[in-house]
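Each remark here refers to the structure printed beneath this line.
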Amino acid sequence: MGTLQTNIVCADQDLWLSMLKRVGLGHLYHHRSLGGYLNSRFRRPRAFVSPYRWTASVVTPRPTTTQNSCLTSSERAFNSPLPPDVINRVEEIFSNNGNDQSVILHLQKCPELLRYLLNYEHACEIAEGLACTRRPSLSLRFLHVAHTLGCRFRDNPYECVSFHLAEKRNWNDVLSAVSLAQQHRGRLSLRLLNWRTRAYVETENYKALQHILAEFKEHHLEPTRRTFHLILSGHIRNRDLYKAKECLKTMTEANCPPDATTHAIVATHYRRLGMDLDVEARALQGLEDVTPTTAVAVLNSLITLRLDTRDVAGALQLSTLFNRKLMDPIIATMTPRQDLSSAQSTKPKPQHIPVISVPLTPNAATYSLFINYQASRSNLRGALQIFRAMLMAETQITPNALASIIHALYMGGKGDIAVRMVASLCSCGKTPSPLFNRLLSSTTSDDFPWVPSGIPPTVRIFNSLIKGVLSTHGLKGMEIVLHTMHDYDVKPTAATLEILMNHVKRAEGGHARVLSRLLRRLSSSDILPTLRHIHIICSSVLHSEKNLVHGFGWDNIAAKFSNTRKAHVRPYPEHRISGDATSFDPTAGIEFPKALRQRSLVRPAIESLQSRDILCDAPMLALRIRHDSVIRSDMDAAKEVFEVMLERGIHPDEYHFSALMEGFARAGDLEGAFDVMHSASRAGVKPNVVMFTILIVGYAHKGNPDKAIQVFEDMISSGIAPDVPSIDAVASAFFIIGAYKMAKTVLRTLWTYIQPFPANFERMPLKNLAQAFRSLHTKQRPGDFELPKADRLALHLELNRLRALWNMGKMHRRFRRTSQDFNGKISNHDPPNE
């Protein structure tokens, strides 16, 4: 490890802290350890890159024959069983020596170990054993050293090592293992080429994937159905239907026509393109023609697509293909809080559900997707009921299932139980690390009816823990989890970085520059930038640009209706607004503004995506539509992007329709906004609270509170629960026309539908009251989209009373807008109404 690593870490630490101070977030990192620690955990020091990336330039001096002369022929033919401590000793030697030459020198001093490396069978066993340890990448160094010392491997050890690396999802190491085999043997086997294909898909290197068939031809090998399926899955994951069709055509020409397993592959990966009834129908028809394991995976994917669109009825109808006895607890949990009548579902029901001779058995992933759905609604009770059903069914608990229940515990406000579960998992029967005690919110222990055992701590588990810990303990809590991950040799991934960036954006108020620097500093060969990282940065940029163009706050719009004040006309800041990029992918044609230095900061990430031929996805297209319609007020350009999305086979969701609606509403065309919402409903996208809030804001900006409150009531009639922005929009409709008392009454009356109204707020000025109410939006946990019928009726009564007060004129004053009339008016610096 030495001085070099220490110097690198210290340098990164100083850069990290100075960066945060420049952007005004230095107070978040008042302890100096976090900056350097994050860099040292996220980035592998340069001094230790070369042993893991085997290229022609990495050459270790080969020992001479005289150095091996001490070994007799009988010792070279040593075939006794491998002692159990050999793998541990070899692991220790490689861990304590940073380069291969020092390893060789150490082994030459241990002839009893060296003879195992020179025996083919024992060397293969050691390589596979190292791949199963907590540091599986050591197996690559071992293969290289053993080859250097004279052991000539066949394909099998490289294939075994690749298999174990893939099990741990170390895809970069899989690529290194295949390259190492090619370097040592001069050719590759069919299995190794398939492992390379799979690794290209998993690392999103779609440019290399396009040339993989040429590599098969170069090695005089014929691609198999598995090869084509891997390529097909990669193109679908990249949302490239044109190349996916070309792959199907190539399959047919290679006498490998698509079959039921091909439809299963398509259905399993089609989530990135959205719900498609034809894909669903074909996948269902072929369920009996594939293995039960594949059939369960396909059915899980189809159910996930239904839940993504909030079609619980359709999801439960698909779940009838599972063993009914095992699915009854899930159906009972999902049914009470959801209206499953066909009248409430805009999605077409699954058609032609086949009759399966032997019902499928749900696996851990099946239970996990329903647990995740309950967690997204903060329904911990429902999530735990499904988890208990999983235990009763004696389904093997997987790390991913455990990650789902950890997420549900945090969403349900029981984070301490999640911390104790992970602590128990990591302790393996020993005393848990004292670091976990610092993550507990209280000393009282809540019992959990299950203690995890035999499950290795994976990055997915730690990521779920990090997401919850950030919400309760902030960045200090994440530092503790990173320490624990380091102790167990679990490396952060791109998903870990995404969680951190989301937290900095939402909870810490991080500007786009901060997010761009985070991505630039924490990216590495192991953590490549993804589109999800760019989503976070782009969303922050567009949010700032929207406020720059349109302003924010109630008073900003109210000035337009005032007889005594002149509304501030903002010149369009062309140089500070995102423009059009030369390439449509991967950012959907959005080029970050040059004036804010966003372009230079985020350029390396975008170039990384372009180098791998990654195409834009549905969220990025939604951001582009919002950019054109809301910020640039160019509805024609927004419609063109929408058409491009449809041509690419990407199905629009509520985000795309909402972006179009907001553009029409901003332009004052509320009839057009209504038409978009009706089109969404016809397309199977049920209108949600965001769409109704856009309409309410549109009428508020027109100075029409009657229509605003009517839209709000229509939303309630649709069974949609109000949230903070929707109630805030109704109150703003009265404030804008000068009805301040009515605005305050609306806030006071509807506050109780978010949480009980504080008694000490009764005499609070409207300005402070509105600010306090908006602060609840970040604290409000996502709930069910469906509003219970009793609450719906009660809310209707409240709205009728408010409407009566408004129509009678008891609380309406003549339209005036001066500072003398309203001491607590909201300034232009108030939080935005979002």
Side-chain angles (χ1 to χ4, degrees), residues 307 330 333-334 336-338 367-391 397 400-425 432 435-452 460-481 484 499-500 502-503 506-508 689 721-725 751-758 772-788 791:
L307 292 179
I330 294 179
T333 302
M334 299 288 291
R337 297 178 64 92
Q338 299 288 341
Y367 290 96
S368 296
L369 64 92
F370 284 106
I371 291 173
N372 289 333
Y373 181 83
Q374 296 294 340
S376 68
R377 270 100 184 122
S378 298
N379 185 7
L380 178 59
R381 181 179 180 182
L384 292 180
Q385 287 175 350
I386 296 174
F387 187 71
R388 291 190 187 96
M390 184 179 180
L391 296 176
I397 308 297
N400 289 351
L402 184 57
S404 297
I405 199 64
I406 289 171
H407 175 60
L409 286 168
Y410 267 105
M411 293 299 292
K414 297 291 184 181
D416 283 1
I417 297 179
V419 171
R420 291 189 172 94
M421 286 178 63
V422 178
S424 174
L425 192 71
L435 289 174
F436 287 105
N437 294 330
R438 295 163 59 186
L439 298 177
L440 299 175
S441 301
S442 64
T443 56
T444 59
S445 177
D446 296 323
D447 293 331
F448 191 72
W450 178 77
V451 177
R460 180 77 176 270
I461 292 175
F462 281 117
N463 281 347
S464 290
L465 184 63
I466 287 175
K467 186 181 293 185
V469 165
L470 281 172
S471 65
T472 57
H473 292 74
L475 296 170
K476 289 183 179 180
M478 182 176 182
E479 180 188 4
I480 296 173
V481 180
T484 308
I499 293 170
L500 174 61
N502 260 320
H503 173 79
R506 296 178 180 179
E508 308 292 352
V689 66
D723 61 358
V724 171
W751 192 301
T752 55
Y753 289 91
I754 304 300
Q755 65 176 226
F757 184 78
F773 182 70
R774 291 169 187 167
S775 69
L776 301 178
H777 187 42
T778 56
K779 303 174 184 177
Q780 184 184 16
R781 292 187 179 276
D784 290 328
F785 287 91
E786 300 294 336
L787 188 66
D791 292 346

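- A donor-acceptor contact shorter than 3.5 Å is absent between the side chain of Ser424 and the backbone of Met421.
- You'll find the side chain of Val422 stays beyond 4.5 Å of the side chain of Leu402, heavy atoms only.
- Although no hydrogens or angles enter the test, the distance criterion places a donor-acceptor pair under 3.5 Å between the side chain of His473 and the main chain of Leu439.
- Atom CG of Leu369 is separated from atom CD1 of Ile330 by 7.5 Å, given to the nearest 0.5 angstrom.
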(message) Run the side chain to side chain contact (heavy atoms under 4.5 Å, CB included) test on Leu470 and Asn502 for me, step by step, so that the C-alpha distance in whole Å, both residues' side-chain angles and the decisive distance to 0.1 Å come before the verdict.
(response) CA-CA 10 Å; Leu470 281 172; Asn502 260 320; over 6 Å; no
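- In this structure, CZ in Phe436 is found 4.5 Å from OG1 in Thr484, a value given to the nearest 0.5 Å.
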(request) Report the C-alpha separation of Phe370 and Leu307 in whole Å, then their side-chain angles, then the decisive distance to 0.1 Å, and conclude whether the side chain to side chain contact (heavy atoms under 4.5 Å, CB included) test is met. (result) CA-CA 9 Å; Phe370 284 106; Leu307 292 179; 4.2 Å; yes
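- Panel note: side chain Asp416, backbone Ser441; a donor-acceptor pair is recorded below 3.5 Å.
- For the pair Phe387/Ile397, a side-chain contact is recorded, criterion being any heavy-atom separation below 4.5 Å from C-beta on.
- Considering CG of Leu384 and CG of Asn379, their distance stands at 9.0 Å, rounded to 0.5 Å.
- For the atom pair CG of Leu425 and CZ of Phe462, the computed distance is 7.5 Å after rounding to the nearest 0.5 Å.
- Here Ile499 contributes atom CD1 and Ser471 contributes atom OG; the two are 11.0 Å apart, rounded to the nearest 0.5 Å.
- Between Ile754 and Pro722 the shortest heavy-atom distance is CD1-O, 3.9 Å.
- Rounded to the nearest 0.5 angstrom, His407 NE2 and Asn463 CG are separated by 12.5 Å.
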(request) Determine, step by step, whether Ile466 and His503 satisfy the side chain to side chain contact (heavy atoms under 4.5 Å, CB included) criterion, reporting the C-alpha distance in whole Å, the side-chain angles of both residues, the deciding distance to 0.1 Å, and the verdict. (result) CA-CA 10 Å; Ile466 287 175; His503 173 79; over 6 Å; no
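- Residue Val419 comes nearest to Leu465 through the heavy atom pair CG2-CD1, 4.1 Å, listed as atom of the first residue, atom of the second, then distance.
- Under the 4.5 Å side-chain criterion, counting only non-hydrogen atoms from C-beta, Gln374 is in contact with Met334.
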(message) Go through it in stages, so that I can follow the logic: the residues are Thr333 and Arg381, the test is side chain to side chain contact (heavy atoms under 4.5 Å, CB included), and I'd like the CA-CA distance, side-chain angles, deciding distance and then a yes or no.
(response) CA-CA 9 Å; Thr333 302; Arg381 181 179 180 182; over 6 Å; no
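- Contact of the Leu380 side chain with the Tyr410 side chain is not registered, since no non-hydrogen atoms from C-beta on lie closer than 4.5 Å.
- Ala408 and Ala383 get closest at one heavy-atom pair: CB-CB, 3.7 Å.
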